[in-house]
Trainee: 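If you scroll down you'll find the structure; I have some questions about it.
As the structure is a prediction and not an experimental result, all values here were calculated from the model. Order of listing sets the numbers, starting from 1, for every ligand and every atom in it.
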Amino acid sequence: MAERDPIIISGAGPVAMVLAVALHREGVPFIALEQLDEPFVDQRAASHHPPTVEMLDNLGLAEHMIAEGLKSPVYRFHDRVTHDVIAEFDLGLLADEVKFPYVVQYEQYKLVRKVIELFGDDPTFDVRFSHAVTGFEQFDDHVMVDVERADGSIEKIRGSYLVGCDGGRSVVRKAADIAFEGFTYPEKFIKIGTYFDLTAHDDRIAIRNYFSHPEEWCNLFRVKGEPDKPDIWRFVVPMKVGETEEEAKREDAMQERLKRFFPRDEDYEIAYANVYMVSQCVADTFNKGRVVLAGDSAHVNNPIGGMGLNGGIHDAINLAPKLAAVWKGESGMELFDLYTRQRHKASTDFTQAQTIANKKQLEERDPEQRKKRLAEMRATSEDPEKAKAYMRRAQLIDSVKAAETIT
Ligand SMILES: Cc1cc2nc3c(=O)[nH]c(=O)nc-3n(C[C@H](O)[C@H](O)[C@H](O)COP(=O)(O)OP(=O)(O)OC[C@H]3O[C@@H](n4cnc5c(N)ncnc54)[C@H](O)[C@@H]3O)c2cc1C
């Protein structure tokens, strides 16, 4: 028998909104509950890899991202010690394998804003801000979700299934008592955005760059500015172990960090700065009864390689047709087990493994190992077949394919 209660989504971040659009396309009603009173201007993810762009294209979202973001076909690895370019990877090599042979730089908050702009007036696209999920109870044929509104009032909302898209500290995951094993790095990361145009001074800098250094590796990415502002360059670097957020965000400390990277007499104009605690964790299971997890609520990882949100969007795209089939009564809840098998593997064998390896690659301290790693990276980039294999893994093309083969 077809179920009639809507699907409840906890959160209205990027993964929740992609899931919402996909469910909307399937004609399945949902209610997305977001604790904040409006979409959060979140400066975390920006890089969308080729398979993700294709998935978003299928939802009619890619054309907006491409028009409003930056296309980045090439990325580079640099040695921050010698200032050499070690390797360049050109996604154009995969042009006959993927529809979009480039990364699109488009901040996650722009994606959320765009979805709200495109669908917000549709009464069936039910996103409720100022609604924090505080817990839930599940029954044989429905879930009751506890919600606290901004005015302090509480409410119970009935749904058929509950999807936790509520980020790394997911209330849904915790209330479902699903373990989240892994580790947290001792050092935090700081992201500093500046309007200073680095390419005007060094034409070896691409839109996406990784710098290896034994003490201060760096990720450097360009994102498009707001309509009346220049583009922003985002630096992500490790902080010293024990350094506090307050210390790291002091103006002189940020200037020092930027000038260490690219010395100049004048100060940098800083657009924003954020400090992040970084962990590598995966939920034991992504489903329990009528509850399913997607995005950071199911897995978190370091941002080197730009994989967290991509993996979360891949979860949403994998999950939506399964949720729709179960909701329509065409299949049983065992489809959620398949979702876990597929996406858990993609998360552990690909995103976790690759992001941990990426960090090791950039921060290698042993001089011999460092030399070896950089030489290997260069050799990989210089051999087209090896470069393609590397990019298929790094751009999560392999992870999507591997998940598809799991039955
Ligand atoms: C510095 C940095 C750079 C990154 N860059 C990239 C990148 O380039 N590419 C990439 O793929 N990934 C990147 N990531 C990772 C990426 O930001 C996350 O994977 C992504 O935000 C996950 O999206 P999400 O929707 O699952 O969770 P979130 O973005 O955390 O959204 C969760 C939403 O749920 C809401 N919420 C939370 N609790 C509740 C509750 N109880 N009730 C209701 N609502 C709730 C929150 O307010 C929020 O709106 C980066 C991360 C960092 C730290």
Side-chain angles (χ1 to χ4, degrees), residues 8-20 31-49 51-53 69 72 75 103-109 111-112 115-116 127-136 145-150 157 162-175 185 188-193 207-208 219 221-223 234-238 272-279 281 283 293-316 347 351 354-355 358 394-396:
I8 311 289
I9 303 173
S10 178
V15 172
M17 289 300 91
V18 170
L19 178 65
I31 302 172
L33 303 167
E34 167 58 50
Q35 62 183 0
L36 301 176
D37 55 3
E38 57 181 36
F40 179 45
V41 179
D42 190 332
Q43 301 293 356
R44 284 184 290 162
S47 304
H48 298 263
H49 295 298
T52 314
V53 182
S72 169
Y75 59 103
V103 165
V104 178
Q105 293 289 99
Y106 189 66
E107 296 95 313
Q108 61 185 76
Y109 76 89
L111 178 61
V112 173
V115 170
I116 302 288
V127 182
R128 303 182 190 177
F129 290 93
S130 304
H131 282 62
V133 171
T134 57
F136 68 85
V145 180
D146 300 314
V147 174
E148 184 172 342
R149 285 190 294 229
I157 300 183
L162 170 63
V163 188
C165 293
D166 47 357
R169 297 193 175 95
S170 173
V171 165
V172 172
R173 185 190 67 237
K174 288 174 190 162
Y185 291 106
K188 295 191 173 79
F189 295 5
I190 184 166
K191 167 185 277 178
I192 306 174
I207 291 177
R208 301 181 68 241
N219 289 357
F221 299 114
R222 184 179 191 149
V223 290
R234 297 166 147 208
F235 289 77
V236 178
V237 290
Y272 48 70
N274 302 97
V275 166
Y276 302 98
M277 195 172 74
V278 183
S279 303
C281 301
L293 304 177
D296 274 19
S297 73
H299 42 71
V300 292
N301 53 269
N302 79 57
I304 306 170
M307 297 190 166
L309 175 57
N310 281 269
I313 290 174
H314 301 179
D315 293 345
S347 182
T351 306
Q354 188 66 41
T355 50
N358 286 348
Q395 266 55 60
L396 293 176

Trainee: Any idea which residues sit under 4.0 Å from ligand 1, heavy-atom distances?
Mentor: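 Shell around ligand 1 (4.0 Å, heavy atoms): Ser10, Gly11, Gly13, Pro14, Val15, Leu33, Glu34, Gln35, Leu36, Arg44, Ala45, Ala46, Ser47, Gln108, His131, Ala132, Val133, Cys165, Asp166, Gly167, Val171, Lys191, Tyr276, Gly295, Asp296, Pro303, Gly306, Met307, Gly308, Leu309, Asn310.
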Trainee: So, Ser130 versus Gln35: side-chain donor-acceptor pair below 3.5 Å or not?
Mentor: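 Judged by distance alone, the side chains do not pair up.
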Trainee: Under the side-chain contact (heavy atoms from CB on, under 4.5 Å) test, which residues partner Ala316, sequence neighbours left out?
Mentor: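 Result, side-chain contact (heavy atoms from CB on, under 4.5 Å) vs Ala316: Val15, Val18, Leu19.
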Trainee: Taking all atoms of both residues into account, what is the closest heavy-atom pair of Ser297 and Gly164, and its distance?
Mentor: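 Nearest heavy atoms, Ser297 then Gly164: OG-O, 2.7 Å.
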Trainee: Using modelled atom types only, decide if a donor and an acceptor are shared between the side chain of Asn301 and the backbone of Thr355 within a distance under 3.5 Å.
Mentor: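 Absent.
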Trainee: Going by side-chain contact (heavy atoms from CB on, under 4.5 Å), name the residues that satisfy it together with Pro14, two or more places apart in sequence or in a different chain.
Mentor: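 Testing Pro14 for side-chain contact (heavy atoms from CB on, under 4.5 Å), a comparison that skips the adjacent residues, returns Gln108, Leu111, Val112, Leu309.
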Trainee: Which residues satisfy the side-chain contact (heavy atoms from CB on, under 4.5 Å) test with Ala394, sequence neighbours excluded?
Mentor: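 Ala394 satisfies side-chain contact (heavy atoms from CB on, under 4.5 Å) with Tyr75, Tyr390 only.
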